[in-house]
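Here the structure is a predicted model, which is why all the values come from computation and not from measurement.
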Amino acid sequence: MRKNESTLVVKALKNLGLDVKRVDCAYRFLNGKTWVHLEGCKNAQLSECLNTVVDPEQKRRIIGDVFMHIMSELLNDLDKDKFVLHKVLWLLTSSSLVLNFPPPC
């Protein structure tokens, strides 16, 4: 997310009366690793940390893997009547703050 965007989203959701918990996982993502198959190797190897990887495809794999681990942990800790939002809200700022929900797929 962009600078301060998370804070704006949390504030907007709280203004709607929702009980919001923000989880900052920047450190886990930047230092995240995953298992990758490298050309010429038949066994998977542990990747470098995300903050040192330059290959876009390897970055996507690391981000996806770290995300799934974090989501699994969060979902295990939630009550059944709670839910998780991720990349479903966009902010449009002008004279006021508007939340725009994308149509269902």
Side-chain angles (χ1 to χ4, degrees):
M1 297 188 94
R2 294 177 187 95
K3 184 176 181 179
N4 299 324
E5 193 173 27
S6 296
T7 303
L8 292 173
V9 170
V10 169
K11 184 177 178 181
L13 292 173
K14 285 186 177 184
N15 286 340
L16 293 173
L18 298 173
D19 181 21
V20 179
K21 177 184 174 186
R22 178 178 173 220
V23 180
D24 184 355
C25 299
Y27 180 83
R28 288 184 66 182
F29 276 101
L30 289 174
N31 294 290
K33 297 180 179 185
T34 193
W35 293 98
V36 294
H37 291 278
L38 302 175
E39 192 173 324
C41 297
K42 58 180 169 179
N43 295 326
Q45 295 181 334
L46 193 59
S47 70
E48 298 293 324
C49 291
L50 177 65
N51 62 1
T52 63
V53 172
V54 287
D55 177 44
E57 185 58 35
Q58 194 170 355
K59 283 184 176 191
R60 281 189 282 276
R61 288 181 186 150
I62 295 169
I63 291 168
D65 192 47
V66 172
F67 173 76
M68 292 307 293
H69 285 284
I70 291 169
M71 287 299 294
S72 177
E73 292 169 13
L74 291 174
L75 292 173
N76 286 333
D77 292 341
L78 286 179
D79 296 330
K80 292 187 187 285
D81 62 339
K82 308 270 188 212
F83 58 93
V84 176
L85 296 175
H86 170 72
K87 289 188 180 182
V88 294
L89 300 175
W90 285 269
L91 292 178
L92 171 62
T93 55
S94 58
S95 59
S96 63
L97 183 64
V98 178
L99 292 177
N100 182 22
F101 293 87
C105 298

message: With a sphere of 6.0 Å drawn around CD of E73, does it hold more than 12 non-hydrogen atoms of other residues, nucleotides or ligands?
response: yes
Atom of S47, atom of Q58 and distance for their closest heavy-atom approach: CB-NE2, 3.2 Å
- request: Ignoring hydrogens and angles, tell me if any N or O in the side chain of D65 forms a donor-acceptor pair with the backbone of R61 under 3.5 Å.
  value: no
message: Ignoring hydrogens, what is the shortest heavy-atom contact between C49 and N31? Give both atom names and the distance.
response: SG-O, 3.7 Å
- line: Tightest non-hydrogen contact, residues K59 and L50, listed as CG-CD1, 3.7 Å
- prompt: Can M68 be reached from W35 by stepping across I, L, V, M, F, W or Y side chains whose heavy atoms are under 4.5 Å apart?
  reply: no
task: Evaluate the side chain to side chain contact (heavy atoms under 4.5 Å, CB included) criterion for residues R22 and T7: first the C-alpha distance (whole Å), next the side-chain angles of each, then the deciding distance (0.1 Å), finally the verdict.
output: CA-CA 9 Å; R22 178 178 173 220; T7 303; 4.0 Å; yes
query: Considering all heavy atoms of both residues, which atom of R28 and which atom of H69 are nearest to each other, and what is their separation?
result: NH2-CB, 4.4 Å
Cluster link V9 to L18, ILVMFWY, side chain under 4.5 Å: yes
L46 with V53, same ILVMFWY side-chain cluster at under 4.5 Å: no
query: Hey, any chance I63 and L30 share a hydrophobic cluster, counting ILVMFWY side chains that come within less than 4.5 Å of each other, even indirectly?
result: no
- line: When rounded to the nearest 0.5 Å, the distance separating NZ of K21 from CG of L13 is 15.5 Å
- prompt: Is L16 reachable from V10 through a run of hydrophobic residues whose side-chain heavy atoms are each under 4.5 Å from the next?
  reply: yes
